[in-house]
Amino acid sequence: MNKKQSILKTAARLFAAQGFDGTTTRQIAREAGVTEPLIYYHFEGKEDLFTRILEYGISSYLSCIDGLEQDNLAPFDRLRRLIELQFDVVADMPDEMYLIVSVCPVRLSEPGDICDRGLREYRRRLIQYLSRSIEDGVTSGAFVPMPVVETALMLFAFISGIMRYAAMNPGNKENVCQTAVDFCRRSLVQRNARQTRRSRNERTG
């Protein structure tokens, strides 16, 4: 980790713990093991530093969605991995994700703000990913017949809620994650597909 990355990670931790107003660039410099002028060399000031943290968190999350798009998974496994991803991203970037879910809703009224731009793109990518997964599942017969767009919107709200829960409760993954996966399986997967999967698990178990 270079000094700029160390500044970003340290600032994210302090902002998440103390808030923006309660954190100073002097404190960030001391905890990151750098000089305060070095912060101003890399960033225009505390506000710019805070914005860069949000940008990094949002772009990293979107890169993870791109990674899921490249995986050749069955329709339900695509949804399962999306649910698991919410907890995995929080485990990798707990402070950044906490700041995004706690700060961005307040900044959505500011056109052009990173939160406005980032969350619009987050919504677009997730609904696109969900729509393709649902459409593939319905077409293949793996999912029960359902309206694709409306179901994608409903699942988008569901996934967004999971991300918010995960970010506000880091480290509490297993029960909530598995319960969410099971709920989607009961709601979406054809009964005969569930029975086939159960029989296969019993044979291999």
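- Annotation for Ala167 and Val101: closest pair CB-CG2, 3.6 Å, computed over non-hydrogen atoms.
- No more than 12 heavy atoms of other residues, nucleotides or ligands lie within 6.0 Å of CD in Glu44, so this atom counts as exposed by the packing criterion.
- Cation-pi contact between Lys4 and Tyr41: absent, since separation from the ring centre below 6.0 Å together with deviation from the ring axis within 45° is not met.
- Distance check, rounded to the nearest 0.5 Å: CG of Leu126 to CD of Glu121 gives 10.5 Å.
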**Message:** Assess the residue pair Ile83 and Cys184 against the criterion (side chain to side chain contact (heavy atoms under 4.5 Å, CB included)); give the C-alpha distance rounded to whole Å, side-chain angles, the decisive distance to 0.1 Å, and a yes or no.
**Reply:** CA-CA 10 Å; Ile83 292 170; Cys184 287; 3.9 Å; yes
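- Note that the CZ atom of Arg26 and the CD1 atom of Ile39 stand 11.0 Å from one another [nearest 0.5 Å].
- Shown here for Gln190 and Pro145, the closest heavy-atom pair between the two residues is NE2-CD, 4.0 Å.
- Summarising the geometry of Val148 relative to Ser131, their closest heavy-atom pair is CG1-O, 3.6 Å, with the distance given to 0.1 Å.
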**Prompt:** After noting the C-alpha distance and the side-chain angles of Ile100 and Arg164, does the key distance pass the side chain to side chain contact (heavy atoms under 4.5 Å, CB included) rule?
**Reply:** CA-CA 9 Å; Ile100 288 169; Arg164 181 170 183 81; over 6 Å; no
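- Using a 4.0 Å cut-off between charged nitrogen and carboxylate oxygen, Arg30 and Glu36 do not count as a salt-bridge pair.
- Using a 4.5 Å heavy-atom cutoff, the side chains of Leu68 and Arg78 are not in contact.
- Remark: Leu54 CG to Cys104 SG distance equals 5.0 Å, nearest 0.5 Å.
- Note: the hydrophobic cluster containing Leu73 does not contain Ile134 (ILVMFWY, side chain heavy atoms under 4.5 Å, direct or indirect links).
- One N or O on the side chain of Gln5 and one on the backbone of Asn2 form a donor-acceptor pair closer than 3.5 Å.
- Put simply, the side chain of Leu155 reaches to within 4.5 Å of the side chain of Leu188, judged on heavy atoms.
- Aromatic ring centroids of Tyr98 and Phe15 lie 6.0 Å or more apart.
- More than 12 heavy atoms of other shown residues, nucleotides or ligands fall within 6.0 angstrom of atom NZ in Lys46.
- Here CG of Leu119 is found 8.5 Å from CD1 of Ile114. Values are rounded to the nearest 0.5 Å.
- Scanning all heavy atoms of the two residues, the minimum distance from Leu99 to Ala12 falls at CD1-O, 3.9 Å.
- A side-chain N or O of Asp182 and one of Gln178 form a donor-acceptor pair less than 3.5 Å apart.
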**Request:** Start with the C-alpha distance between Tyr129 and Ile159, add both sets of side-chain angles, then the distance that settles side chain to side chain contact (heavy atoms under 4.5 Å, CB included), and finish with yes or no.
**Result:** CA-CA 12 Å; Tyr129 180 88; Ile159 296 295; over 6 Å; no
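- The shortest non-hydrogen separation linking Ser140 to Pro75 is OG-CG, 4.3 Å.
- Using a 4.5 Å heavy-atom threshold, the side chains of Ser60 and Val89 count as separate.
- When atom types are taken as modelled, the side chain of Arg52 and the backbone of Leu8 share no donor-acceptor pair closer than 3.5 angstrom.
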**Request:** Please report the C-alpha distance between Leu49 and Ile28 in whole Å, then the side-chain angles of each, then the deciding distance to 0.1 Å, and finally whether the side chain to side chain contact (heavy atoms under 4.5 Å, CB included) criterion is met.
**Result:** CA-CA 11 Å; Leu49 177 53; Ile28 294 168; 3.8 Å; yes
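- Of the possible polar contacts, none joining the Thr23 side chain to the Phe20 backbone as a donor-acceptor pair under 3.5 Å is found.
- Atom CZ of residue Arg125 and atom CG of residue Leu62 lie 4.5 Å apart, to the nearest 0.5 angstrom.
- Here CD of Gln128 is found 10.5 Å from CG of Leu130. Values are rounded to the nearest 0.5 Å.
- Applying the 6.0 Å contact sphere to CZ of Arg124 captures more than 12 heavy atoms from other residues, nucleotides or ligands.
- The closest side-chain heavy-atom distance from Tyr122 to Phe156 is below 4.5 Å.
- A salt bridge links Asp116 with Arg120: the distance from a Lys NZ or Arg NE/NH1/NH2 to an Asp or Glu carboxylate oxygen falls below 4.0 Å.
- No side-chain donor-acceptor contact under 3.5 Å links Glu31 and Thr10.
- Looking only at side-chain heavy atoms (C-beta outward), Tyr61 and Ile65 come within less than 4.5 Å of each other.
- Across all their heavy atoms, Cys177 and Glu84 have their closest contact at SG-CG, 3.8 Å.
- With respect to the salt-bridge test (charged N to carboxylate O, under 4.0 angstrom), the residues Asp88 and Arg81 qualify.
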